[in-house]
Amino acid sequence: MKSPFNHFKFIKFQPFISLLDCSDYIIFKNPAFKILILDFIKVIKGLESHIKNQRLSISYTKNLARMKKLLALISVFIVLMALPVSSAMADEYIVLARPLNLLGYVTQGGAFSLNDKNNYGTEKGLQSALMNLFVEGDYKISSELKFYGSSMLTVDWAYQLNADRESWHEKLFSKSKDHLNVDNKYWQVLKEAHLTWTPGNFMFRIGKQIVSWGEMDGIRLMDQINPLDQRRGFADVEFETTIIPIWLIRANYSLPVHLGWLQDLGFEFIFNPNADFIPNQPIRSGNDEGGIWAPNILIPGPFPFGEAHLGSTILNVKEPRRFNSNGFEYAFRVKCIVYNSIITLNYFYGLDNDPVVRSAGPPIITQASDGKLIIHPFLQGKYPLFRFIGATFSKDITPLKSALLGGVSPVVRFETLYAFKNIFVTTINTFDKSDEFRWAIGIDWKIKIPLLNPRAYFSVSPQFFHRKIMDYPSRYDLADLGKNTYAVTLLIKTSYFNAKLVPSFFWLRDITSQSDFFKLELLYDYTHNWRFTLGTLLFHGEEKGKGYQRFDNKDQIYFKITYRWS
């Protein structure tokens, strides 16, 4: 079904100026909103005057025009959010003598390329203009029964803002519009919808929900139940918006314990009836499918004009039918606190959220605007069984508490799993089975560095990850996977001005491929309702076509404006 936004056209810029010129006649709930809008008016009018009074090149004029459109969009966004909002939206409704709470947020962002080269795999200037409108609510039916639901509308206005750019069409980015312009599938719009019943020490939850396992940040090791939506890149390293809720039945039981060494004991059972099979949504290859995030992979060979681009793939992947037992999944977890250490034992039996695919015939070949050929592989495969046992451990390490560093004990986190007979594709285009072992360790430590921040702590969180294929083949290799994979991450965060300004730094080093991913971000909570975000994403790799080197032309700077009501 085509999106109703497919034929959306931006009206001329001048009516936005006229609307903003009438800002004196708008009744604002908060005078600060009006100041923000007037600041935006000055910026927009400054650009308008600059274009009129300067002799500019055609390309520069177009870039300013696109900036004007984006600023106009943000300005209208602020005007709409600044209009009087009924207090009922932020407060509690009473429905049938029971409380109904509604809250949510709306964000408008923009990302701009830091790559000034005319590269086929990227677009200069505006990369994305992502808008998210999120609403959630809960209704307390009784003291033991509650319903929760949430919904999100996601639109990337870059497809409208870049509609008149020749390079946007020549590089085929415009063809990814059907996948990335508007999220209009039901499971994308409907996030969570579940009913929770809590009789005594039991908790039963049925519906579309998220189950979070594991202890790691930025790396999913044990957390394999819910799929991820990563079509739009790497900005969400904490998986706040990319986890996809799925239809599950979940039961928890907390056992009362009164032992000195055992402070808590609980059991959790999860059943996925395969009401709707939703796998991982990865970054797609090819500009026509992956958009601006399509990896820059060049295929060596005796091609005209040198190496060829990897294009979009033709996939034939078998999926289980709805409510078919082939798609059923089962998960069980025991959680306890032993001598102040949090320990879990985990078991999972289901399907991998990523398919295993191999070549199934000759590719389709087209030509790119830079003259190189584009190879579109034809692949087929299935979603294989994924079975593992695992455990997690976390504990405060009090002997390492130091008054010199602020007097806070570090917390060590450990996570591991052993998977049975996973299926891999080989470099000779066959399938191979092998067990694998994954483990990771991390430390969370709040320390004081008075020279850099005399009032707040620094949160320092390093992690180490290792993946080992137990029976690695000796006569050939597994495709894009060695016997051992190593990675480290580092997250540093602090706050200033009473936690209103929060800078953070995230680094992921893929040791195996000698490549790096960096995310630097600055959050500013202007008020309880308004948040401003500024950040950058940087990629680097030593070996061509490996790890994050495939994204080294995707460096970008981004911003986001968020309005929250609660």
Side-chain angles (χ1 to χ4, degrees), residues 26-34 36-37 73-74 76-109 130-155 182-184 186-198 203 205-212 226 229 235-236 238-248 250 495 498-502 521 523-533 559-566:
I26 299 175
I27 299 174
F28 291 89
K29 192 174 181 180
N30 189 330
F33 296 156
K34 185 172 182 179
L36 284 173
I37 292 173
L73 179 65
I74 296 168
V76 173
F77 162 83
I78 291 178
V79 171
L80 293 176
M81 291 302 100
L83 291 175
V85 179
S86 169
S87 61
M89 292 183 66
D91 296 335
E92 184 181 85
Y93 288 96
I94 300 298
V95 179
L96 299 177
R98 290 291 179 180
L100 170 65
N101 298 302
L102 291 178
L103 59 154
Y105 64 82
V106 58
T107 68
Q108 180 60 62
L130 202 64
M131 185 274 288
N132 288 317
L133 173 61
F134 177 80
V135 179
E136 63 179 341
D138 61 81
Y139 179 61
K140 196 170 185 179
I141 302 171
S142 70
S143 60
E144 297 180 347
L145 193 62
K146 185 170 71 173
F147 175 80
Y148 173 83
S150 62
S151 179
M152 179 179 284
L153 172 65
T154 300
V155 182
V182 181
D183 287 353
N184 54 12
Y186 98 88
W187 58 265
Q188 294 170 329
V189 176
L190 177 64
K191 290 300 183 181
E192 294 188 66
H194 52 73
L195 195 64
T196 302
W197 181 36
T198 55
M203 189 279 285
R205 179 170 293 165
I206 182 170
K208 200 164 182 278
Q209 57 186 288
I210 293 174
V211 175
S212 180
N226 289 85
D229 185 355
D236 185 14
E238 295 180 350
F239 308 117
E240 293 179 345
T241 60
T242 54
I243 295 180
I244 304 173
I246 57 176
W247 299 98
L248 299 170
R250 177 182 172 191
S495 64
N498 296 319
K500 282 183 170 293
L501 188 66
V502 181
E521 190 172 76
L523 300 178
Y524 176 56
D525 285 322
Y526 180 69
T527 66
H528 172 74
N529 301 102
W530 288 93
R531 167 176 285 183
F532 301 93
T533 305
F559 73 89
K560 184 164 58 176
I561 301 172
T562 303
Y563 177 81
R564 298 169 292 187
W565 61 88
S566 58

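If you're wondering where the values come from, they're calculated on a predicted model, not measured in any experiment.
For I206, the side-chain contact (heavy atoms from CB on, under 4.5 Å) partners two or more places apart in sequence, or in a different chain, are L195, I249. With sequence neighbours left out, A499 forms a side-chain contact (heavy atoms from CB on, under 4.5 Å) with S495.
Shown here is L96, whose CG atom has no more than 12 heavy atoms of other residues, nucleotides or ligands within 6.0 Å.
The aromatic rings of F532 and Y524 sit parallel to each other, their planes meeting at less than 30°, with 60° as the upper class boundary.
The backbone N or O of T154 lies less than 3.5 Å from no partner atom in the side chain of D183, so there is not a single donor-acceptor pair. For S151 (side chain) and V135 (main-chain N/O), no donor-acceptor pair under 3.5 Å exists by modelled atom type.
For the pair M152 and K191, the tightest heavy-atom approach, listed with the atom from each and the gap, is CB-CE, 3.8 Å. Of all heavy-atom pairs between N529 and W565, the closest is ND2-CA, 4.1 Å. For the pair F239 and D236, the tightest heavy-atom approach, listed with the atom from each and the gap, is N-OD1, 3.0 Å. For the residue pair A97 and I94, the shortest heavy atom distance occurs at CA-CG2, 3.7 Å.
The distance from the CG atom of L103 to the OG atom of S150 is 10.0 Å, given to the nearest 0.5 Å. With values rounded to the nearest 0.5 angstrom, K146 atom NZ is found 13.0 Å from R98 atom CZ. Rounding to the nearest 0.5 angstrom, the gap separating the NE2 atom in H528 from the NZ atom in K500 is 10.5 Å. Rounding to the nearest 0.5 Å places CG of L153 at 10.5 Å from CD of Q188. Atoms CZ and OG1, from F559 and T107 in turn, are 10.5 Å apart once rounded to the nearest 0.5 Å.
Between R564 and D525 the shortest side-chain heavy-atom distance falls below 4.5 Å. No side-chain heavy atom of I141 sits less than 4.5 Å from a side-chain heavy atom of W197. Two residues are said to be in side-chain contact when any heavy atoms from C-beta on lie closer than 4.5 Å; N226 and V211 meet this criterion. You'll find the side chain of W530 reaches within 4.5 Å of the side chain of I561, heavy atoms only. Here the side chains of F134 and T562 are not in contact, with every heavy-atom distance at 4.5 Å or above.
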R250 vs M203, side chain to side chain contact (heavy atoms under 4.5 Å, CB included): CA-CA, chis, key distance, verdict:
CA-CA 8 Å; R250 177 182 172 191; M203 189 279 285; 3.8 Å; yes
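Between Y148 and the choices E136, Q209, K208, H194, the side chain to side chain donor-acceptor pair (under 3.5 Å) rule is met once, by E136.
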